[in-house]
Amino acid sequence: MKTRLLVKEGEYRLAKAFCMDAKIDAEELYCFLTGMDKVALFLRANEEVDPETEKKYFELIARRAERIPLQHITGTQEFMGHTFKVSPDVLIPRQDTETLVEEAARTIQNTPKEKLTFMEKLRGVKEWEVLDLCCGSGAIGISLAKICSNIKVTASDISSAAIKVATENADNLRAKIKFVEGDMFAPHAGKKFDMIVSNPPYIRTAMISILQEEVKTHEPLGALDGGRDGLEFYKIIVDQAADYLKPGGFLMLEIGHDQGEDLRKMLKDDGRYTPAEVIKDLPGKDRVVKCKLRSDR
Ligand code: GLN
């Protein structure tokens, strides 16, 4: 069979199984199997595929047609221009989350000179201590460390399996991160950070059953379920982050597209933070909330 027809047949089988991006996934799986890139696939579309490759290709297609996420078959996901290893133990990094990383990086890079301490002025840069809470695959903390040279990242997660994946990602991408295992702020007793970033679980429990098959049966529930109102983890974070931030330190959280107002109110009612800024993602939906620990308390 010609490459073009093989991939077309793959697309057809995926579409029949209600896979969302059947064409993209059919191409990706062929590239994954053969090591070709998309350009080579296009240029060699009329070449014959040997029977062994054909057989292996349809085996991959069959797995994807069972609604196993593409990233669990290939074992990787691109995020902020880096290739992250993923497994069923971690949430697959989403493009939405790049909004959080970009905003955090901008915040770190744009610190006005007059805000530096005496020692920082001497050194010429501020050394930021950043905490990535509920780090999962490590995508946020590692990407930040790759962008900003003047930061020290600590990342933690309750799941030891996630910490294992994140450590491997940091090693592969040569990012120096301190990983600790533990529930929320428990492993950070007595520490103070310049910035806390987090993409905690935020899906309402009742919504889990209507998520895509790939997400609800193959991704870790513990990374998705935000409790009855989806806000359980934000309540813990807003309540405790103030004790782990230096005065004027930043709190930056990914949120669901309909949680901006809830977070704004939660932070306002708490009283220890500056008014929250809600930042939109590329498709224009509320995605990140950003505020500072007030330094005038
Ligand atoms: N954005 C993810 C999703 O829609 C959820 C991530 C989270 O709960 N932190 O599947």
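Just the heavy atoms: all of them, side chains too, but no hydrogens, waters or symmetry mates, feed the values below. Numbers for residues simply follow the sequence, beginning at 1.
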Glu181/Asp157 under side-chain contact (heavy atoms from CB on, under 4.5 Å): CA gap, chis, key distance, verdict: CA-CA 5 Å; Glu181 183 186 327; Asp157 202 287; over 6 Å; no

Test side chain to side chain donor-acceptor pair (under 3.5 Å) applied to His188 and Thr154, step by step: CA-CA 9 Å; His188 309 295; Thr154 303; 5.9 Å; no

Audit row: Tyr273, Arg294, side-chain contact (heavy atoms from CB on, under 4.5 Å) steps and yes/no: CA-CA 5 Å; Tyr273 303 92; Arg294 284 166 47 178; 5.6 Å; no

Step-by-step side-chain contact (heavy atoms from CB on, under 4.5 Å) determination, Ser137 to Asn169: CA-CA 7 Å; Ser137 66; Asn169 277 323; 4.1 Å; yes

Salt bridge (charged side-chain N to carboxylate O under 4.0 Å, His left out) between Glu66 and Arg63, intermediate numbers included: CA-CA 5 Å; Glu66 283 169 35; Arg63 288 180 66 205; over 6 Å; no

Steps toward side-chain contact (heavy atoms from CB on, under 4.5 Å) verdict (Cys148, Val130): CA-CA 11 Å; Cys148 309; Val130 178; over 6 Å; no

Verdict with reasoning, Asp258 to Arg204, per salt bridge (charged side-chain N to carboxylate O under 4.0 Å, His left out): CA-CA 11 Å; Asp258 55 356; Arg204 289 181 197 87; 3.2 Å; yes

Verdict with reasoning, Lys216 to Asp225, per salt bridge (charged side-chain N to carboxylate O under 4.0 Å, His left out): CA-CA 10 Å; Lys216 71 177 173 204; Asp225 191 345; over 6 Å; no

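Linking ILVMFWY residues whenever their side-chain heavy atoms come closer than 4.5 Å, directly or via other members, places Leu100 and Leu173 in the same cluster. There is no path of hydrophobic side-chain contacts, each under 4.5 Å, that joins Ile196 to Val153. A chain of hydrophobic side-chain contacts below 4.5 Å, direct or via other Ile, Leu, Val, Met, Phe, Trp or Tyr residues, connects Ile237 to Leu263. No continuous path of hydrophobic side-chain contacts links Val278 to Val288 [ILVMFWY only; heavy atoms under 4.5 Å]. The hydrophobic cluster containing Ile151 also contains Phe179, counting ILVMFWY residues as joined when their side-chain heavy atoms lie under 4.5 angstrom apart, directly or transitively.
Checking side-chain atoms of Asp21 against main-chain N and O of Ile24 turns up no donor-acceptor pair under 3.5 Å. Although no hydrogens or angles enter the test, the distance criterion places no donor-acceptor pair under 3.5 Å between the side chain of Glu213 and the main chain of Arg67. A donor-acceptor contact shorter than 3.5 Å links the side chain of Arg64 to the backbone of Ile68. Panel note: side chain Arg272, backbone Asp239; a donor-acceptor pair is recorded below 3.5 Å. Side chain of Asp183 to main chain of Ala186: no donor-acceptor pair is present (N/O by atom type, distance under 3.5 Å, no hydrogens or angles). Judged purely by atom type and a 3.5 angstrom limit, Asp286 has no side-chain atom pairing as donor or acceptor with the backbone of Lys280. The backbone N or O of Asp281 sits nowhere less than 3.5 Å from a side-chain atom of Thr99 that would complete a donor-acceptor pair.
Classification of Lys176 and Asp171 as a salt-bridged pair fails, no side-chain N sitting under 4.0 Å from a carboxylate O. Lys23 has a carboxylate O that lies under 4.0 Å from a charged side-chain N of Glu27, or vice versa, which qualifies the two as a salt bridge. One finds no salt bridge joining Lys56 and Asp50 here, because no Lys/Arg side-chain nitrogen approaches an Asp/Glu carboxylate oxygen to under 4.0 Å. A salt bridge links Lys265 to Asp269: one of the charged nitrogens lies within less than 4.0 Å of a carboxylate oxygen.
Rounded to the nearest 0.5 angstrom, Leu293 CG and Lys192 NZ are separated by 8.0 Å. Rounded to the nearest 0.5 angstrom, Lys191 NZ and Phe185 CZ are separated by 13.0 Å. In this structure, Glu28 CD and Leu33 CG are separated by 13.0 Å, a value rounded to the nearest 0.5 Å. The structure places CZ of Arg94 at 8.5 Å from CD of Gln77, a figure rounded to the nearest 0.5 Å. Remark: Cys134 SG to Ile158 CD1 distance equals 8.5 Å, nearest 0.5 Å. Residue Glu254 holds its CD atom at 3.5 Å from CG of Asn199, rounded to the nearest 0.5 Å.
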Anything under 3.5 Å between a donor and an acceptor, one on a side chain of residues 79-93, the other on a protein residue two or more places apart or in another chain? List them.
unit_1	atom_1	unit_2	atom_2	d
Thr83	OG1	Glu78	OE2	2.5
Lys85	NZ	Glu168	OE1	3.4
Ser87	OG	Asp89	N	3.0

Would you list the atom pairs, donor with acceptor, under 3.5 Å between side chains in residues 240-248 and any protein atom, with sequence neighbours excluded?
unit_1	atom_1	unit_2	atom_2	d
Lys246	NZ	Asp194	OD1	3.4
Lys246	NZ	Asp194	OD2	3.1

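For Tyr30, the ring pair (Phe, Tyr, Trp, His ring centres under 6.0 Å) test picks out Tyr57, with sequence neighbours left out.
For Arg13 and Phe58, the positive end sits near the middle of the six-membered ring, less than 6.0 Å away and at most 45° from its axis.
Contact check for Phe250 versus Val197: no side-chain heavy atoms found under the 4.5 Å cut-off. Considering only heavy atoms from C-beta on, Met195 comes within 4.5 Å of Trp128 through its side chain. Looking at heavy atoms from C-beta onward, Arg4 lies in side-chain contact with Asn46 at the 4.5 angstrom threshold. At least one side-chain heavy atom of Leu131 sits under 4.5 Å from a side-chain heavy atom of Ser156. Contact annotation: the side chain of Ile279 never approaches that of Val289 to less than 4.5 Å [non-hydrogen atoms, C-beta and beyond]. Contact check for Val49 versus Met1: no side-chain heavy atoms found under the 4.5 Å cut-off. With a 4.5 Å cut-off on side-chain heavy atoms, Leu253 and Leu251 count as touching.
Across all their heavy atoms, Leu224 and Pro201 have their closest contact at C-CB, 3.5 Å. The two residues Glu11 and Ala22 come nearest to each other via the heavy atoms O-CB, 3.5 Å. Taking each heavy atom of Leu144 and Val101 in turn, the nearest pair found is CD2-O, 3.8 Å. The two atoms that bring Ala276 and Cys291 nearest to each other are CA-CB, 4.1 Å, heavy atoms only. Smallest separation of non-hydrogen atoms from Arg287 and Gly256: NH1-CA, 3.8 Å. Annotation for Glu103 and Thr107: closest pair O-OG1, 2.7 Å, computed over non-hydrogen atoms.
For Lys38, the NZ atom counts as densely surrounded, since its 6.0 Å shell holds more than 12 non-hydrogen atoms of other residues, nucleotides or ligands.
For the residue pair Tyr202 and Glu232, no side-chain donor N or O sits within less than 3.5 Å of a side-chain acceptor on the partner. No donor-acceptor contact under 3.5 angstrom links the side chains of Glu47 and Thr3, judged on distance only.
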